[in-house]
Amino acid sequence: MRRAAFASVLLAASLAHGQDASAVIERATGPSSHLESDLRVLTDQIGGRVTGGANYTRALQWGIEAFRRAGVDSVRLESYPVPAQWEGISASASVVSPSAIPLRVVSLGLAPSTSGPLTAALVDAGDGHNADFERLGTSARGAIVLVHNKPMNSFEDLFAEYIGGPEIMQSAVEHGAAALLFISTRPRDLLYRHTITWGPIAPLPMAQVAREDGLRLARLVAEGTAPRVTLDVRNRVGGPGEAQNVVAEIRGAERPDEIVLLGAHLDAWDLGTGALDNGVNCALVVDVARVVAAGPRPKRTIRFVLFTGEEAGLLGSHGYVRAHRDELDRHVAVVIHDIGDGKITGYFTNGRPDIDDPVRALLAPVASRGAGGVDEEAILGTDNFDFLLEGVPNLVANQDTSRYLADYHAESDTFDKVDPELARGNAAIAAVTVLGLANSPKPIGPRQSRQEILKILDDSRWKLAAQMKIYGVWPDWESGKRGRAQ
Ligand SMILES: [Zn+2]
């Protein structure tokens, strides 16, 4: 076994790339890289870019022009349907009695506006579980309900916050709350934007209050001062519409109908400028296109996609998969980058141990850069997910998260947080990976059947089925409307 695996690694290093990996790495990390300047324009000049919002069209245009400069064969916009339109306009709040205290707040994403300023009693629902609302009884009715959050120090904390959201929102609706006020998980006044619903507008106004303000409010409630709060949230909310992904292509020389997809999401929450999440990886995707275009033409077609609607619930990648259903058999692999500029240690293979060895072999030329690892974990939270549901081999860059979490979705996610040298190193790894996939004699693995996909969803290590149920995605999978039907 060991000897066979070793031999396959050597074979892959010499044959799979069809071009000199060191030249690819040099093109990605050398002075011709546009990654830093492209990212500077996207973040500083354009800024936060909510799908359908004020900066959205400029961001799409940025993608089109950057791909053209990179030398791709073609670039186009592809439309897909979105269930609702949403953009944050303003949010303000203050305690109005027994004394006046200003509060720092933002609306959650996809939450509706209050109908003008809403003044109501503030009640504390602790962690916001259904039992907490039961304990509040009728006092939650018509109230602004404060919900606590633990400080976020790890991905596990972040997932706990996401996973808890739907139950809190549902309980608030059932108990007649007028609005929810979540305490920020980040100290020092830092605000960020999340969404609880995936696509549709939430059933009640929901805002986040700065951690220091929120803890003060909790103490005021506990001390029996019965604070009343005014909350004024104004969002632009609209019905169903369309959004667009940016899709560029470099055609394959030998098997142009077979597709390797490299993608990252272009949309970003708008409190900061979406530098780590996920501007840096959009600039990476564009720069990998430049690196590929500057070398010998790959055997298979490489498609470079900047998805939108990711933050609103993976809408762009879902839309892509629906629009390209007829050619998914010919998508040999999909590679997604979405963890900022953290150093890549390899790729998540998303519940597919059968592709671990082939991916390791592709990564052999960058193993000395610390990027040779594979991790079988299956990931739900980014644009690989609908490809996983379709059985297409899908990889997500596994990156050091220590530089990512503190600024995640926050006001502080700005260009200055990005280390361009780290990002260029990641671009080299991505370029070697997609060229390996495009030039290898055989695809890394077959498209899976529904039965095989279901096994991944049911795997108790990843709990994807449970998460899909919480986010309301499960019924569409179960009915065959979303994902591979057989
Ligand atoms: Zn992201």
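All ligand and atom numbering here is 1-based and tracks the order in the structure.
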task = Using a strict 4.0 Å threshold on nitrogen-to-oxygen distance, state whether Arg325 and Glu390 make a salt bridge.
result =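 Looking at Glu390 together with Arg325, the answer is yes, because their closest N to O distance falls below 4.0 Å.
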
query = What are the two closest heavy atoms between Trp462 and Gly351, and how far apart are they?
reply =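 Residues Trp462 and Gly351, closest heavy atoms: NE1-CA, 4.1 Å.
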
inquiry  = Strictly under 2.8 Å, is the Zn ion (ligand 1) approached by any N, O or S atom of Asp277?
reply    =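 True for Asp277.
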
task = Please find out if the Zn ion (ligand 1) and some N, O or S atom of Glu310 are separated by less than 2.8 Å.
result =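 No - counting backbone and side chain alike, Glu310 has no N, O or S atom under 2.8 Å.
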
key: Shortest-distance N/O/S atom, Asp338 versus the Zn ion (ligand 1)   =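 Output for this pair reads OD1.
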
inquiry  = I'd like to check Pro83 versus Pro240 (side-chain heavy atoms, cut-off strictly below 4.5 Å). Are they in contact?
reply    =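 Side-chain contact under 4.5 Å: no.
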
request  = May I ask you to decide if Ile339's main-chain N or O and Gln399's side chain share a donor-acceptor pair within less than 3.5 Å?
outcome  =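 The answer is yes, because a donor-acceptor pair under 3.5 Å joins these two groups.
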
